[in-house]
Structures are given as structure tokens and as C-alpha cells.
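For reference, the structure discussed in these notes is given below.
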Amino acid sequence: MSSANKNLSEFSTAGLPDVSQKRFAIIVAEWNTEVTEVLFEGAYKTLIENGVKAENIVRANVPGSYELSFGSQVFAQKADIDAVIAIGCVIQGETKHNDYINHAVAQGLTNVSLKYNKPVIFGVLTPNNQQQALDRAGGVHGNKGDEAAITAIKMLAF
Ligand SMILES: Nc1c(NC[C@H](O)[C@H](O)[C@H](O)CO)[nH]c(=O)[nH]c1=O
Ligand SMILES: CC(=O)[C@@H](O)COP(=O)(O)O
């Protein structure tokens, strides 16, 4: 099912765990900031709306989505971080560079999550063009940041 058929900001909150004492790191890539800032705001808002305290959310920026794996690892290894949300937007360019980034980030974030036994959420858009990105950053398909945040919370009940 594509995002076109499943709004990223529509989800059940039934059975969510108590996250009032849980701490989250949000790592944000600095490419396509007109998109990633909207994703961050969506993730932050969703965490707060579902019981996370503002003082328990830390943000860090990385230059691009390729660096999300390292940035996520820096925080995942901290004892006082319970989950990491990685935010990025890799828009297809003229070459295959986006493919290499996307595969590296997906595998890298998975590796960090398994290494440190903590949820590390793939909040990275991989659109073919700018419009597809905007559609998933508060547009017709919702906000990928919302989805990433609720996924992090749900995984803490796992
Ligand atoms: N083109 C995009 C990039 N490219 C930069 C890489 O992520 C990386 O920072 C660089 O290759 C140096 O290691 N990053 C994005 O997040 N989005 C893009 O569309
Ligand atoms: C998607 C990207 O990595 C960005 O640098 C554009 O890449 P390209 O050189 O393929 O246009």
C-alpha cells in the first residue's frame, strides 16, 4: 500500500504505552529543509500529543541523510535515550546518488537499532520529485514525521 492510499498522519492511538518518562532523540538532515523542518515539527508535535515531555526530546542536525546513521548511533548508544527518530528527505536527482544514499541510510539505521537494541525510526522521505516530498510533509498524504513519532512510541511497548 502506498502513501497515496494510507494517510501518514492517520493512526490508532489505542494501547499506546506510557512514555512520560521516556527520552527521544530526533536527528534531522539539513538537505531539503523546507521539507525536513515540517517533518520534524510533525514528529515533535506527535510525541508531545501522546505523552512525551518536551524536556525529554533532544534534537540534533546532520549535514545530509547519509549522515543520519552516524548521528543516530551517537544518540542510540546513550543510556538516557530510549528511541531515536531519523528525519530526512532524499529527492531523486540526475544520477543514481539518491539510490546509494537511500540504501545506505535504510541499512545503517537498521544496524544501529539492532546493535543498541533500541527503536531507530526511518523517518526519511525518498521521493522522485519535490511535489511527492511536499505531499508527504503535511500535504495530501499527511506528514511522515507524525508516522515516525507514533512508530517510535509504539515500538517502546514492544
Ligand atoms: N541529495 C541529497 C543529499 N545529499 C547529501 C548526502 O546525504 C550526504 O550528506 C553527502 O553525500 C556527503 O556524505 N542528502 C539528503 O538528505 N537529501 C538529498 O536530496
Ligand atoms: C539526491 C542527491 O544526492 C543530490 O545530491 C542530487 O544528486 P544528483 O547529482 O544525482 O542530481
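Atoms within a ligand are numbered from 1 in the order they appear, just like the ligands themselves. What you see below is based on every heavy atom in this structure, not just the backbone, and it leaves out hydrogens, waters and symmetry mates. Given the structure is predicted, the values throughout are model-derived calculations rather than measurements.
With Asn102 contributing its side chain and Asn98 its backbone, the two residues share a donor-acceptor pair below 3.5 Å. Although no hydrogens or angles enter the test, the distance criterion places a donor-acceptor pair under 3.5 Å between the side chain of Gln132 and the main chain of Asn128. Remark: the backbone N or O of Arg136 is not paired with any side-chain donor or acceptor of Lys144 at under 3.5 angstrom. Looking only at distances, a side-chain donor or acceptor of Asn32 sits under 3.5 Å from a matching main-chain atom of Cys89. In this structure, Thr46 contributes its side chain and Ile150 its backbone to no donor-acceptor pair below 3.5 Å. For Ser113 (side chain) and Leu109 (main-chain N/O), no donor-acceptor pair under 3.5 Å exists by modelled atom type.
Of all atoms in ligand 1, listed by their number and element, those nearer than 4.0 Å to a heavy atom of Val90 are 17 (N), 18 (C), 19 (O). Those atoms of ligand 1 with a heavy atom of Gly64 less than 4.0 angstrom away are 7 (O), 9 (O), 16 (O). Within the listing of ligand 2, atoms 8 (P), 9 (O), 10 (O) sit less than 4.0 angstrom from a heavy atom of Thr95. Near Ile101, meaning under 4.0 Å from any of its heavy atoms, are these atoms of ligand 1: 3 (C), 4 (N), 6 (C), 7 (O). Which parts of ligand 1 touch Asn32 is read off a 4.0 Å heavy-atom cut-off, strictly below it: atoms 17 (N), 18 (C), 19 (O). Taking every heavy atom of His97 and a limit of under 4.0 angstrom, the matching atoms of ligand 1 come to 11 (O). Taking every non-hydrogen atom of Ile91 and a distance limit under 4.0 Å, the qualifying atoms of ligand 1 come out as 19 (O). Counting atoms of ligand 2 from 1 in the listed order, those under 4.0 Å from a heavy atom of His97 are 2 (C), 3 (O), 5 (O).
Side-chain atoms of Glu30 and Val62, non-hydrogen and from C-beta on, never get closer than 4.5 Å to each other. A 4.5 Å side-chain heavy-atom check between Glu55 and Arg23 finds every atom pair outside the cut-off.
In Ile101, the part holding a heavy atom less than 4.0 Å from any atom of ligand 2 is the side chain. Of all the heavy atoms of Trp31, the ones lying under 4.0 Å from any atom of ligand 2 belong exclusively to the side chain.
Annotation for Asn129: atom CG counts as buried by contact number, over 12 foreign heavy atoms lying within 6.0 Å. Surrounding OH of Tyr66 are at most 12 heavy atoms belonging to other residues, nucleotides or ligands under 6.0 Å away.
Annotation: atom 10 (C) of ligand 1 to nearest protein heavy atom, Glu67 OE2, 4.2 Å. Of all protein heavy atoms, the one lying nearest to atom 6 (C) of ligand 2 is Gly93 CA, 4.2 Å. When hydrogens are left out, the protein atom nearest atom 17 (N) of ligand 1 is Cys89 O, 2.7 Å; that is the closest non-hydrogen contact. Nearest non-hydrogen protein atom to atom 18 (C) of ligand 1 is Trp31 CE3, 3.3 Å. The single protein non-hydrogen atom nearest to atom 11 (O) of ligand 2 is Glu94 N, 2.9 Å, given as residue, atom name and distance.
Note: no N/O pair closer than 3.5 Å links Asn98 and ligand 2 by distance alone. Any N or O atom pair closer than 3.5 Å counts here, and Ala29 shares no such pair with ligand 1. An N or O contact shorter than 3.5 Å is missing between Gln92 and ligand 2 by distance.
For the ligand labelled ligand 1, residue Gly88 lies outside the 4.0 Å heavy-atom shell.
Contact check on Arg59 versus Glu37 returns a salt bridge, with a Lys/Arg side-chain nitrogen under 4.0 Å from an Asp/Glu carboxylate oxygen.
Taking only non-hydrogen atoms, the option from Asn32, Ile91, Val90, Thr126 nearest to atom 1 (C) of ligand 2 is Ile91.
Placement of Val120 and Ile81 within a single hydrophobic cluster is found when ILVMFWY residues are connected by side-chain heavy-atom separations under 4.5 Å, directly or transitively.
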